[in-house]
Amino acid sequence: MSEETLAKAYTPAEVEGKWYQTWEQRGYFHADVNSPKTPYSIVIPPPNVTGILTLGHVLNNTLQDILIRFEKMRGREVCWVPGMDHAGIATQAKVEAFLKKEKNLTRYDLGREKFLEEVWKWKEQYGGKIIQQLRTIGTACDWPRERFTFDEGLSNAVQEVFIRLYNDGLIYKGHRIINWCPKSRTALSDEEVIYRQESGHLWHIKYPYADGTGCVIVATTRPETIMGDTAVAVNPTDERYTGQVGKMLLLPLTDRQIPLIADEYVEKDFGTGAVKITPAHDPNDYEVGLRHNLEMPNIMNDDGTMNAAAGPDFDGLDRNVARRLVVEKLEEQGLLVKTEDYVHQVGYSERGGVPVEPRLSDQWFVKMDVLAKPAIEAVTSGKIKFHPDRWVKTYLHWMENIKDWCISRQLWWGHRIPAFYCEKCGEVVVAKNAPEKCPKCGHEHFRQDEDVLDTWFSSWLWPFSVFDWPKDTPELKHFYPTNTLITGPDIIFFWVARMIMAGLRFMGKIPFEDVYFTSIIRDEKGRKLSKSLNNSPDPLDVVATYGADALRFTIIYIAPMGQDIRYDNKKCEIGRNFANKIWNVVRFRLQHGTAPADWQDLSSLKASELRPDDQWILARLNRITKTMTKDLDEFDFNDASKAIYDFIWNEFCNWYLESAKPALSAPAGTTCATLKVFDYCLGTFLKLLHPIMPFVTDELYHQMGFCGEKDSIMLQPWPQAISDARMQELGATESVEQLNAAKYDLVRAVRNLRANYQLSTSLPLDVVISPASPEAKAFLDLDHDALAALLNAKSLTLGEKPAGPAGVAVSAIGNAFVPLAGLVDFAAETARLQKQQTEAEKYIATLQKKLANKGYVEHAPAAAVEADRAHLAETEDKLARIREQLAAFNS
RNA sequence: GGGCGAUUAGCUCAGUUGGUUAGAGCGCAACGCUUACACCGUUGAUGUCGAGGGUUCGAAUCCCCCAUCGCCCACCA
């Protein structure tokens, strides 16, 4: 293996598929319920069975995967339960469209049973694509535990919950105004209605008094419901109508008379101050209707067309057509006073995409206030934490104003409501199966409720139903409550809030401790990703082009907590280039063979063998180890990605690796302490990076021989920082760290000089360094080779300024002189030094002003003041040396 | 009508208890194929931290107000 060389560039496609298969086959993703380790569990937000992978899923699932891999390395027994949602409306609509296209059939042509067979068939054939797609991004899901919200166990949980809530009086059937989707022909919950601002009209219509004494003018946005009016209401204090309340009005376009009533609900100042009341087609009107005991005629069919009650002229017309016809007729009859342009909010069906119709009907509801109470407490008390925590406010606002949840749907694809009606007396029995006999009349024939349940009625049980609740399974005991939930803030009400309620109600315990709300991904212009805009990149294409690790890293790198992110494919170059960089570190390292078996054992290392750069990188490694651990612990994924990126690219590659080249290519390079330190850092940062970039890190871990073929980086323990005491022993002290950093400043200054003289970086130079102090000299003397390598010096001497013309680079640790026979451009050199002089003077002025401020010296932390004083002294010294050089030029 | 978020370099964004000469990536300019990497290296330029007040010795950071953009919630027909 040591003779093998890696390709010059990393090709993700060659390793990613291989590793995923290996991990899965070896069972690394599978949790042992009997493990003595502390459990850590996550349940996946189940994607719709109709779904395909989007960037949103990539972000969401990458974050979960990072936590799972991190916690596994930290020694926990991790269990990430995957699964899918049967997604009632979405799936039914999809299959209906499919059947229409393929066979020109509607669900009504097939009938309920046949249709459901078709849905299952469709599910087997086309459903669940997303589950396969998830594997391409590396998700460490416990696949043998995959669940479906419509499988037997979960269906059982749904029935159980329905029955329990019914028996507890928290589920009831009610005759109410609900949101109706005329396209899917079903009731919806309030959450499934999306309000959009629309420009429409406010029509002013005359309602003549029956006694011929004039008329009331009513303003409405929905003239087509006029046939459903059963009153006109005004505010009781409205003087315009004093004495008129109680009189009858002729309802236009009909032969009916309706009363003028007074109700507080009406705002005097809006419109004309008079409102037509249509109790069966408006939630507010319904309330008014109840208060005034009004008739509630329903004038629409379930598909949004008008019915016979709307009168022969309108029967069968679509509601929009009816609206135009009503307006036309009113105009003809001279009853239309005016038409005003009017911008208002119109509720649309989330799935159907059509305006919802408020509709009076019999539906099942869950009484929510009782369930909400403990769920509010769980969050306010901090037992459940939200990240970022501002979502708490949103959550509480909704919970404290919660309304009953309409859970029945007039669909076929879903959990059938476990309610049975006696065919004789109508008695309702809520149970898993129809009773033998009616408890009331003894009749033996029952008919099950036709309706199914809202999809979310199964989703809200997910954290425990996946472990086969209500059975008392070992999984349930071991993995519930789960630890972390990662989801989008768009389903905080649909799902998160309801899971908390269900968890507390049925398990008596919160379902998760931490909820992390992900960013919303937008396109480069800030628009939401959507099919219609065609601005939604296919993650599989991205993976094919850049690699899964690249996509994972990039998306984490650009997604700060709680902010929307602007994504475009080009950004994946960040991740791709980073993977390539690491690949090449290993490619470089393998020139010296693979790692020795004891590469992780630093116990034999002595300070005397270490170069300052070795000590410096160990200090930096310790720092990044702590940072990564803390960041992942606190869900600061974005910070973690930036920290490890900077460590590897900047500190390790740009500085350490370059400094190590002479030591490694020396005859003893393969046994030297530097190699040991190199390997230790490399192995450690591969482990630190593994949760974010699982594929390339495992591949390289193996390439390096850091573990055996049969082993994996996934199974390695999470890195621990080296103890402070041991760091002292190794001479990796803070002062060495600082001196070494100052050394790098000097290198930068020389490189700057080189650039100014347009001296190629590949041209070796003679460099003379005059250290600024004996301490600096002692330090620089420790390792000339590394310094020479960083400077690309062909000779390096410590001493006085050489005779003859030379360029000079001034830094805190000393001056560096580069003899430039015949090349020195005095004007340019003077300009460069003057610029440095100005900068130093400016800085000194800033510091002096600060230190002269009594308030600062008295109030600021002592460390800050001290640091400033040190900077001041250092900069003053530097300035003096700059001036000295300037003077030398001008003499 | 309430609530929340955003406004920092040409672009996309970091900046965690107020205290380094305000940072990164991309882009840009100059130089360089130095045997890990051109998916690279070196060097460099660029910011009145949205406007205005206030608190403080000190504000990108805290408070007030305003502006612009975005999201969520809310029954004004």
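Numbers restart at 1 for each chain; the letters A, B, ... are given by sequence-line order, proteins then strands. Values in this document were obtained by computation on a predicted structure and should not be read as measured data.
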For residues 635-646 of chain A, which side-chain N or O atoms pair as donor and acceptor with protein atoms under 3.5 Å away, sequence neighbours left out?
from   : atom 1 : to     : atom 2 : distance (Å)
A:N638 : ND2    : A:I556 : O      : 3.0
A:N638 : ND2    : A:Y557 : O      : 2.8
A:S641 : OG     : A:N638 : O      : 2.8

For residues 581-592 of chain A, please give each side-chain donor-acceptor pair under 3.5 Å, one per line with the distance, not counting sequence neighbours.
from   : atom 1 : to     : atom 2 : distance (Å)
A:W583 : NE1    : A:A7   : O      : 2.7
A:N584 : OD1    : A:R587 : NE     : 3.3
A:N584 : ND2    : A:K8   : O      : 3.3
A:N584 : ND2    : A:N580 : O      : 3.0
A:N584 : ND2    : A:N580 : OD1    : 3.4
A:R587 : NH1    : A:L6   : O      : 3.0
A:R589 : NE     : A:D679 : OD1    : 2.4
A:R589 : NH1    : A:G593 : O      : 2.5
A:R589 : NH2    : A:D679 : OD1    : 3.2
A:R589 : NH2    : A:D679 : OD2    : 2.7

For residues 261-268 of chain A, which side-chain N or O atoms pair as donor and acceptor with protein atoms under 3.5 Å away, sequence neighbours left out?
from   : atom 1 : to     : atom 2 : distance (Å)
A:D263 : OD1    : A:Y265 : N      : 2.9
A:D263 : OD1    : A:R291 : NH2    : 3.0
A:D263 : OD2    : A:R291 : NE     : 3.1
A:D263 : OD2    : A:H292 : NE2    : 2.7
A:K268 : NZ     : A:T237 : OG1    : 3.2

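Screening residues 842-860 of chain A for salt bridge (Lys or Arg N to Asp or Glu O under 4.0 Å) gives A:K850-A:D868 as the qualifying pairs, with residues at least two apart or on separate chains.
In this structure, the ring pair (Phe, Tyr, Trp, His ring centres under 6.0 Å) partners of A:Y656, at least two apart in sequence or on a different chain, are A:F652. Considering only residues two or more places apart in sequence or on other chains, A:Q197 meets the side chain to side chain contact (heavy atoms under 4.5 Å, CB included) condition with A:V343, A:Q345. With sequence neighbours left out, the side chain to side chain contact (heavy atoms under 4.5 Å, CB included) criterion links A:A550 to A:Y546, A:R576. Applying the side chain to side chain contact (heavy atoms under 4.5 Å, CB included) criterion to A:A559, with sequence neighbours excluded, gives A:L59, A:S519, A:I565. Contacts of A:Q848 classified as side chain to side chain contact (heavy atoms under 4.5 Å, CB included), with partners at least two apart in sequence or in another chain: A:I844, A:L872, A:E876.
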I'd like to compare against my own output: the B/S/- annotation of nucleotides 40-50 of chain B with a strict under-4.0 Å heavy-atom distance to protein.
SSSSSS-----
Under 4.0 Å protein heavy-atom contact, by nucleotide of nucleotides 67-77 of chain B - B base, S sugar-phosphate only
------SBBBB
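Listed by first residue number, the stems of RNA chain B with at least three Watson-Crick or G-U pairs below 3.5 Å are B:1-7 with B:67-73, B:10-13 with B:23-26, B:28-32 with B:40-44, B:52-54 with B:62-64.
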